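Shown next, in structure tokens, is the structure this report addresses.
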Amino acid sequence: MSESDQIYMDHHATTPVDRRVVDFMLPFFSDEFGNAASKDHEFGARAEQAVKSAREQIADAIGAEPKEIIFTSGATESNNIALVGTAEAKGIQGGHIITAATEHKAILDPASYLENRGIDVTYLGVDSYGLVDPDDVRTVIRDDTILVSIMAANNEIGTIAPIEEIGAVCRENGVLFHTDATQFIGYCEFDVEAMNVDLVSFTAHKLYGPKGVGALYVRWDPKQVKLGPVIRGGGHERGYRSGTLNVPGIVGFGKAIELAEEMKNRESERLRSLTHRLWDGLTAELGSDVLHLNGHAEQRIPNNLNISIEGVDASALLMQLPGVALATGSACTSATVEPSHVIQAISGGSKDRAFSAIRFGLGRGNTVKEVETVVDRIADSVSRLQRVA
Ligand SMILES: *Cc1c(COP(=O)(O)O)cnc(C)c1O
């Protein structure tokens, strides 16, 4: 099978770097190789200028000020700085953090690390669509709550959280609010003021930029929003994240987010129509009695569809579909055979539902024809598996 026959529908895991982004990055590996922190010559000044422009593009995309953008190596690091850094600023002497059971491992792991260090963590449950109830946040906030962290859009089921409302609850109670907006930014309108957020994580490689570069938005409010350093060194990035800046990556991130913003409305509409076509096609072929939608029908990012087919093991199904790149459960936990914690959280702990879950993550390269091909091939494979069973 040649590369061109392959169909990639796993854009929640990563996206290809847009050619225009590659071209924009290239000079910064060689001719424009300066260290953005070198103050004594033109090489440094030009690199610093390039980083400054990227910082402006990224800040612009989320309604922030350039000085509120901290560059990191990706959303995992941004999440770690948000959680561990907030706890560090308070000296890790007790305290309480609120998050949700359906978060990415890059939130759940640092949260559990902090639990081991003596911080209480409340993991809120979600409803059958994967939604966190803002009233639940209000109910569990305590006097010693230092942070609420709820993701903007779920990376498995695509459900969009009521971020504005949760942020408003945090504001009322004077508690910092962090959101992992990795799957949201670049697809839906995100504005740090409207969303009532203090800290936001996101990453370039989920929006057609390079891997290994991300950002943490830190609200400019030095009295209220304080983070202890997680990576110590030369004091780069307001001291939150020391280390020589990844200039080519940052420049690529800036270009990628600029392009994503330009394309957002049209592309999101196209992706929404493709995911609808996928769902309608699968429903017509398989019947609505065996097909379950995982997540929310409307309140979801446009490029996501997550389904469970009753009685069909997702890994067995994907083995029947060489050349189609899809994910079972969560790609990030695929090193282990644990059933998806997200699907279990929305289905009352159903392992069957989790083991039969398939995630489609559509992207810029996907076409109507590819969607039709995938529907046909899944229908064939399911009937083959059902005959064997
Ligand atoms: C991909 C992803 C991450 C991790 O981002 P990296 O840049 O790869 O570290 C974190 N959170 C969510 C929701 C993601 O989808």
Side-chain angles (χ1 to χ4, degrees), residues 8-17 21 58 62 69-85 99-113 123 126 130-132 149-161 163 178-188 190 195 197 199-217 230-231 241 243 246 249-250 252-254 256-257 260 294-295 300-306 325-335 340-343 345 359-363:
Y8 184 80
M9 290 191 177
D10 197 16
H11 292 81
H12 300 303
T14 196
T15 58
V17 183
V21 172
I58 292 163
I62 61 169
I69 301 298
I70 305 300
F71 287 116
T72 66
S73 67
T76 300
E77 186 186 322
S78 300
N79 287 345
N80 273 269
I81 296 178
L83 269 68
V84 181
T99 185
T102 47
E103 293 287 317
H104 192 276
K105 293 289 178 194
I107 292 289
L108 296 176
D109 281 1
S112 117
Y113 164 77
Y123 299 91
V126 294
L131 288 168
V132 170
S149 179
I150 302 291
M151 73 201 315
N154 188 275
N155 53 296
E156 291 189 42
I157 57 174
T159 299
I160 294 174
I163 290 300
H178 167 252
T179 187
D180 177 349
T182 302
Q183 297 287 346
F184 188 94
I185 290 172
Y187 295 90
C188 305
F190 191 95
M195 303 281 197
V197 291
L199 299 161
V200 182
S201 302
F202 50 118
T203 193
H205 77 99
K206 305 283 175 86
L207 38 87
Y208 304 86
K211 293 169 183 59
V213 60
L216 178 66
Y217 159 81
V230 174
I231 296 184
R241 206 286 187 175
N246 169 4
I250 288 168
F253 189 6
I257 209 163
N294 296 318
R300 66 192 303 126
I301 40 176
N303 56 336
N304 174 278
L305 180 69
N306 192 311
L326 296 171
T328 62
S330 166
C332 296
T333 56
S334 62
S340 155
H341 66 289
V342 175
I343 307 293
R359 178 183 72 178
F360 302 87
L362 272 61

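Atoms within a ligand are numbered from 1 in the order they appear, just like the ligands themselves. Count residues from 1 along the sequence. What you see is a predicted model; the values in this text were computed from it and never measured.
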Pairs of nitrogen or oxygen atoms closer than 3.5 Å, one from [X] and one from ligand 1: do any exist?
X: A13; value: no
X: N79; value: no
X: S73; value: no

Using the six-membered ring wherever Trp is involved, compare the ring planes of F190 and F184 and label them parallel, tilted or perpendicular (cut-offs 30° and 60°).
perpendicular
What are the atoms of ligand 1, with element, lying closer than 4.0 Å to any heavy atom of [X]?
X: Q183; value: 14 (C), 15 (O)
X: M151; value: 13 (C)
X: H205; value: 6 (P), 7 (O), 8 (O)
X: T203; value: 7 (O)

Roughly how far, to the nearest 0.5 Å, is CE of M195 from OG1 of T179?
8.0 Å
Donor-acceptor under 3.5 Å ([X] side chain, [Y] main chain):
X: T203; Y: T182; value: no
X: T102; Y: V342; value: no
X: H341; Y: E103; value: yes

Heavy-atom distance under 4.5 Å between the side chains of T72 and I231, does that happen here?
no
Does a donor on one side chain sit under 3.5 Å from an acceptor on the other, for E156 and S340?
yes
So which bit of [X] gets within less than 4.0 Å of ligand 1, heavy atoms only: side chain, backbone, both or neither?
X: D180; result: side chain
X: E77; result: neither
X: K206; result: side chain

